[in-house]
Amino acid sequence: MSEYKDTVKRYLKGVQNADHELVLSLVTNDVLLEKKGRPGIRGKEVLRAVIDGKDGFVHEDTGSHRPVHRIERMVEEGDTVVVSGSVVIPLVNGGQLEALFSDYFTFSGGLISGLESYMIPPAGSRS
């Protein structure tokens, strides 16, 4: 497995486990996080708020529950790794939020410098 793909897997595991120090060690100081359809956010400290779920990027019904990513495919070209799969987030009411995702991780100097994230509900689900 390439170094970039390994870094992406470690990043997603860090998000799942709320391991701030791991996640922040894998990104540049000016990292840009974009969830398409929402304004982008920039910087490590803002990313810390995302991990904590205090930024408005996280569904309000998830509480402290963490996402579980199921990676179906990873493709690397140059300084970019594309990951697609599904994500499940347990909700405080006992249900779960499910989505299909495609994330584009861009690297600079061996660290993640950008993340573009696309998410859609799975076919047949209610939005």
Side-chain angles (χ1 to χ4, degrees):
M1 175 175 305
S2 79
E3 181 180 338
Y4 287 166
K5 286 180 179 179
D6 181 58
T7 299
V8 167
K9 283 188 170 186
R10 290 174 47 220
Y11 175 92
L12 293 174
K13 192 63 145 176
V15 170
Q16 178 178 326
N17 294 330
D19 186 340
H20 297 175
E21 297 314 312
L22 173 61
V23 170
L24 296 174
S25 74
L26 300 174
V27 302
T28 61
N29 287 330
D30 63 345
V31 64
L32 176 62
L33 176 65
E34 299 177 275
K35 288 199 176 192
K36 292 305 182 178
R38 295 182 169 198
I41 60 169
R42 183 177 292 279
K44 279 188 178 185
E45 290 311 309
V46 178
L47 180 55
R48 183 182 301 276
V50 171
I51 297 167
D52 285 340
K54 298 176 182 172
D55 67 317
F57 267 50
V58 177
H59 194 280
E60 63 190 23
D61 295 329
T62 62
S64 63
H65 296 103
R66 299 293 171 201
V68 176
H69 293 87
R70 294 184 191 123
I71 297 172
E72 294 175 12
R73 188 174 193 186
M74 293 181 82
V75 178
E76 181 176 345
E77 184 172 335
D79 64 356
T80 302
V81 173
V82 179
V83 181
S84 63
S86 60
V87 61
V88 176
I89 305 171
L91 301 177
V92 294
N93 68 5
Q96 60 185 21
L97 177 66
E98 296 181 51
L100 304 175
F101 75 92
S102 183
D103 288 347
Y104 294 71
F105 291 85
T106 305
F107 287 80
S108 177
L111 297 173
I112 298 167
S113 59
L115 169 55
E116 286 179 61
S117 185
Y118 298 83
M119 295 182 81
I120 61 169
S125 69
R126 293 185 188 173
S127 47

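Phe101 contributes atom CZ, which lies 6.0 Å from atom CG of Leu12 (distance to the nearest 0.5 angstrom). Interatomic distance, Met74 CE to Tyr4 OH, rounded to the nearest 0.5 Å: 13.0 Å. Separation of atoms NE2 (His69) and NZ (Lys9) is listed at 13.5 Å; rounding is to 0.5 Å. Taking CZ of Phe107 as the start and CG of Leu115 as the end, the distance is 10.0 Å to the nearest 0.5 Å. Taken from OG in Ser25 to CD1 in Ile112, the straight-line distance is 9.0 Å, to the nearest 0.5 Å. Rounding to the nearest 0.5 angstrom, the gap separating the CZ atom in Phe105 from the CG atom in Leu111 is 13.0 Å.
Residue Lys5 places its NZ atom among more than 12 non-hydrogen atoms of other residues, nucleotides or ligands, all under 6.0 Å distant.
If you chain together hydrophobic residues whose side chains sit under 4.5 Å apart, Leu97 and Tyr118 never meet in one group. By the criterion of side-chain heavy atoms lying less than 4.5 angstrom apart, applied directly or through intervening Ile, Leu, Val, Met, Phe, Trp or Tyr residues, Met119 is not grouped with Val82; the two fall into different hydrophobic clusters. Note on Leu32 and Ile41: separate hydrophobic clusters, where clusters join Ile, Leu, Val, Met, Phe, Trp and Tyr whose side-chain heavy atoms are under 4.5 Å apart, directly or indirectly. Ile71 and Leu22 fall within the same hydrophobic cluster, where Ile, Leu, Val, Met, Phe, Trp and Tyr residues are linked whenever their side-chain heavy atoms come under 4.5 Å apart, directly or through other members. Taking hydrophobic clusters as Ile, Leu, Val, Met, Phe, Trp and Tyr residues chained together by side-chain heavy-atom distances below 4.5 Å, Leu24 shares a cluster with Val15.
Scanning all heavy atoms of the two residues, the minimum distance from Val81 to Glu76 falls at CG2-CG, 4.0 Å. Closest approach of Leu100 and Ser86 over heavy atoms only: CD2-CB, 4.1 Å. Looking at every heavy atom in both residues, Thr28 comes nearest to Ser113 through OG1-CA, 3.5 Å. Residues Lys44 and Val31 come closest through the heavy atom pair N-CG1, 4.2 Å.
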Apply side-chain contact (heavy atoms from CB on, under 4.5 Å) to Leu33 and Leu47, showing your working.
CA-CA 8 Å; Leu33 176 65; Leu47 180 55; 4.2 Å; yes
For Glu72 and Arg70: C-alpha separation, side-chain torsions, deciding distance, then whether salt bridge (Lys or Arg N to Asp or Glu O under 4.0 Å) applies.
CA-CA 6 Å; Glu72 294 175 12; Arg70 294 184 191 123; over 6 Å; no
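A donor-acceptor contact shorter than 3.5 Å is absent between the side chain of Arg73 and the backbone of Ser84.
Side chain to side chain, Asp103 and Ser117 meet the donor-acceptor criterion of an N or O pair below 3.5 Å.
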